[in-house]
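Structure, as structure tokens:
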2 protein chains.
Amino acid sequence: MASHGARGRSGGRPTLEEVAARAGVGRGTVSRVINGSPRVSDATRAAVEAAVAELGYVPNTAARALAANRTDAIALVVPEPETRFFAEPYFSDMLKGVGAALGDTEMQLLLIFAGSDRERRRLAQYLAAHRVDGVLLVSVHADDPLPDLLAQLEIPAVISGPRSSAETLPSVDSDNYGGARQAVEHLLSRGRRRIAHITGRLDVYGAQRRIDGYREALIDAGLGADEALIEPGDFTEEGGHRAMAALLERDPGLDAVFAASDVTAAGARQALREAGRRIPDDVALVGYDDSAIARHMEPPLTSVRQPIEEMGRRMIDLLLTEVADRRPLASRGLERRQVVLATELVSRSSS
Amino acid sequence: MASHGARGRSGGRPTLEEVAARAGVGRGTVSRVINGSPRVSDATRAAVEAAVAELGYVPNTAARALAANRTDAIALVVPEPETRFFAEPYFSDMLKGVGAALGDTEMQLLLIFAGSDRERRRLAQYLAAHRVDGVLLVSVHADDPLPDLLAQLEIPAVISGPRSSAETLPSVDSDNYGGARQAVEHLLSRGRRRIAHITGRLDVYGAQRRIDGYREALIDAGLGADEALIEPGDFTEEGGHRAMAALLERDPGLDAVFAASDVTAAGARQALREAGRRIPDDVALVGYDDSAIARHMEPPLTSVRQPIEEMGRRMIDLLLTEVADRRPLASRGLERRQVVLATELVSRSSS
DNA sequence: AGGTAGTGTGGGAGCGCTCCCACCAGTGAT
DNA sequence: ATCACTGGTGGGAGCGCTCCCACACTACCT
């Protein structure tokens with residue numbers, strides 16, 4: 001019944017024109033009301049709003065996108081396979097923050113995975129078609145070509161962890177350096193003296209900063225940093241296990257470990273168990289992220305909390321500013337748009 | 001540098017018209033090539049393709065959407081809070097299947113959560129604006145108004161589990177009845193005689209079908225179904241724990257439990273432990289879903305596997321057909337578009 | 001030769017918006 | 001009275017596509 005082929009008149013969705021006729025005003029005026037322009041008299045605005053309500057008018061996004069050259073959508077790009085996304089609580093927390101910040105906006109959020117080469121090509125095509133107004137980039141490695149592509153296409157983007165100290169893109173990050181210091185200082189205050197560090201992926205800037213924090217906290221405490229106590233990991237459980245085993249072999253006398261992530265700490269814990277070390281009696285353990293894993297570990301894991309939801313919110317703030325600035329091409333200052341948020345040590349029984 | 005204000009000519013993205021000029025053909029012909037129409041000579045097609053490549057032409061989606069009245073996007077709607085989505089492996093597997101099936105399409109997938117009232121209103125608005133060509137509905141409860149809204153807006157939709165035996169929407173489901181029978185028959189073959197069942201949410205049709213399968217398997221075995229051995233759960237861990245405790249109190253002699261989900265089984269396991277029952281020695285336990293939880297449980301859990309990825313693929317197939325049919329309004333037969341996929345029992349040491 | 005299909009092809013007419021220019025009061029300063 | 005302005009308003013001109021009608025031009029029948 002009804003609806004012959006879309007091209008037909010009336011019966012389909014009402015248009016701006018029809019609302020205008022109903023309200024007895026011009027098309028331009030209705031458009032102004034819909035878009036919240038202040039240059040409309042109160043009486044006219046009321047009349048238009050009534051017509052909109054009566055007709056159940058909903059703007060046609062495609063027409064708007066075509067005329068205004070924008071899409072009202074932004075993408076959250078995850079350069080990882082789905083699996084990792086679901087496994088790491090980091091992403092779901094981030095998504096929650098982003099979702100919340102977008103709640104009162106017209107903006108639509110698209111979640112795009114770009115783990116495989118095929119997916120990345122698809123993404124490039126997608127971006128080339130300018131199907132989003134802006135991009136949120138999380139978990140980007142130092143050599144990722146994505147940021148350059150975005151810059152070349154002149155698409156506003158915000159990155160979740162800067163790629164280096166010279167990051168050009170606006171970014172939001174937690175204070176990795178400070179967080180690492182907190183962890184080490186905590187261990188020192190507990191009387192630990194031989195504190196090892198299992199790092200994150202070395203091509204991730206944040207992991208480097210954590211190493212710096214670890215090192216300098218020890219130096220400031222007058223202990224000096226023993227490079228033999230630093231073992232590279234990769235943020236995974238297996239990596240943590242391997243690194244811990246290596247550390248124990250090299251230095252059986254260590255009495256504490258700071259792991260670059262909770263997942264890594266879980267791996268380290270396993271290796272410690274296998275070596276017959278008790279936590280925290282023989283070796284104290286501190287993780288990073290304060291994820292669900294930390295709370296459920298046996299024993300519960302002391303960890304450095306990053307305000308991930310807050311980071312998500314701040315990324316959206318930055319991005320929306322960026323997107324809005326694009327149109328009037330306004331005050332594009334050289335103000336560095338790099339946000340760094342404080343971390344917090346959550347003490348539990350593993351240390 | 002460059003790009004004054006979008007409205008300006010040349011320098012921006014190339015248009016169909018420009019490609020046509022370059023290839024020395026008309027606009028219509030280029031459009032035909034882009035959309036893969038067969039009514040173009042090979043020579044012309046080659047010329048157009050060359051022009052497209054030279055200019056780096058990418059169709060403007062907004063213009064296409066406006067002219068053709070379609071969006072080339074579909075939504076996967078999850079009427080649950082984000083949290084549940086990330087917690088249950090069901091969703092990530094489904095997403096993987098859907099993503100795979102969409103891989104070779106132009107279609108864009110949008111993931112939309114509609115857990116809170118606010119989110120649901122936003123979704124309604126979104127759908128009213130016809131921003132997607134079709135909708136995939138997962139985990140819908142019997143009284144959800146969403147399917148009706150979709151029907152009213154004439155938006156094609158496919159549902160992952162039918163709401164009743166009289167489901168009108170196209171649907172894809174696993175054989176809940178058969179799966180439950182497999183579980184019970186397995187327990188019977190292991191010599192168990194007092195088999196209890198912890199159900200899923202009773203307002204979910206699939207949960208009802210599992211109860212039917214459980215009941216009839218027992219009746220067919222000549223044991224008769226003892227209603228006192230059926231305890232309602234809600235698919236959660238706490239629900240499983242509570243139900244198991246209730247069952248043990250009512251019937252301390254039971255020797256097996258069939259839980260409506262792996263998560264439920266995890267809760268039941270806990271309650272069994274607390275009551276001093278050994279698994280499987282005293283009580284055998286079987287779950288449903290064969291999720292990661294089942295493999296990692298102690299002891300590993302026997303479970304009924306649903307081909308979730310495959311379900312995701314089939315849903316996409318159905319939906320794309322539905323969407324395509326919309327335009328020519330063709331052979332809309334009364335063929336029931338209800339797909340039911342077989343389950344498989346994965347036997348592990350809990351039974 | 002005239003008809004009758006069938007194949008390619010060009011281009012007009014929208015799709016429903018936003019942008020912006022023109023215009024029409026009013027209001028206050030000159 | 002004249003000349004600015006200024007807050008409001010109408011509507012033309014696109015945005016870049018798809019759809020479809022019209023018009024070749026061939027090929028094959030009567």
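Computed over heavy atoms, backbone and side chain alike; hydrogens, waters and symmetry mates excluded.
The stretch residues 53-60 of chain B comes close to DNA chain D through B/Tyr57, B/Pro59, B/Asn60, each having a heavy atom under 4.0 Å from the strand.
Between A/Ser41 and D/dG7, a side-chain N or O to OP1/OP2 separation shorter than 4.0 Å is absent. Contact check, B/Thr15 against D/dC15: no side-chain N or O comes under 4.0 Å of OP1 or OP2. Phosphate contact (OP1/OP2 of C/dT18, side-chain N/O of A/Asn69, threshold under 4.0 Å): absent. Regarding contacts with the backbone of C/dT9, every side-chain N or O of B/Thr29 stays at 4.0 angstrom or more from both OP1 and OP2.
Candidate nucleotides D/dT18, C/dG10, C/dG16 were compared by shortest atom distance to the side chain of A/Ala67, and C/dG16 ranks first. Of the candidates C/dT7, C/dG10, D/dC15, the closest approach to any side-chain atom of B/Arg39 belongs to C/dT7. Considering only side-chain atoms of B/Ala63, the nucleotide from D/dC19, C/dT9, D/dC17 that sits closest is D/dC17. Of the candidate nucleotides C/dG10, D/dC17, C/dC17, D/dC17 has the atom lying nearest to any side-chain atom of B/Arg64.
As judged by a 4.0 angstrom heavy-atom cut-off over every strand, A/Thr44 is placed among residues touching the sugar-phosphate backbone only.
Classification of B/Glu310 and B/Arg314 as a salt-bridged pair holds, one side-chain N sitting under 4.0 Å from a carboxylate O. Ionic pairing of A/Asp104 and B/Arg118 is present here: one or more N-O contacts between side-chain nitrogen and carboxylate oxygen are shorter than 4.0 angstrom.
Contact of A/Arg27 with D/dG12 (side chain to base): a donor-acceptor pair of N or O atoms is detected under 3.5 Å.
Looking at B/Glu82 and A/Ser92, their side chains never bring a donor and an acceptor atom within 3.5 Å of each other.
The ring of B/Phe113 has its center no closer than 6.0 angstrom to the ring center of B/Phe91.
In this structure, the side chain of A/Asp133 engages the main chain of A/Thr71 through a donor-acceptor pair within 3.5 Å.
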Compile the donor-acceptor pairs under 3.5 Å between side chains in residues 34-43 of chain B and protein atoms, sequence neighbours left out, one pair per line.
from    : atom 1 : to      : atom 2 : distance (Å)
B/Asn35 : ND2    : B/Ser31 : O      : 2.8
B/Asn35 : ND2    : B/Ser31 : OG     : 3.4
B/Ser37 : OG     : B/Arg39 : N      : 3.2
B/Ser41 : OG     : B/Thr44 : N      : 3.3
B/Ser41 : OG     : B/Thr44 : OG1    : 2.7

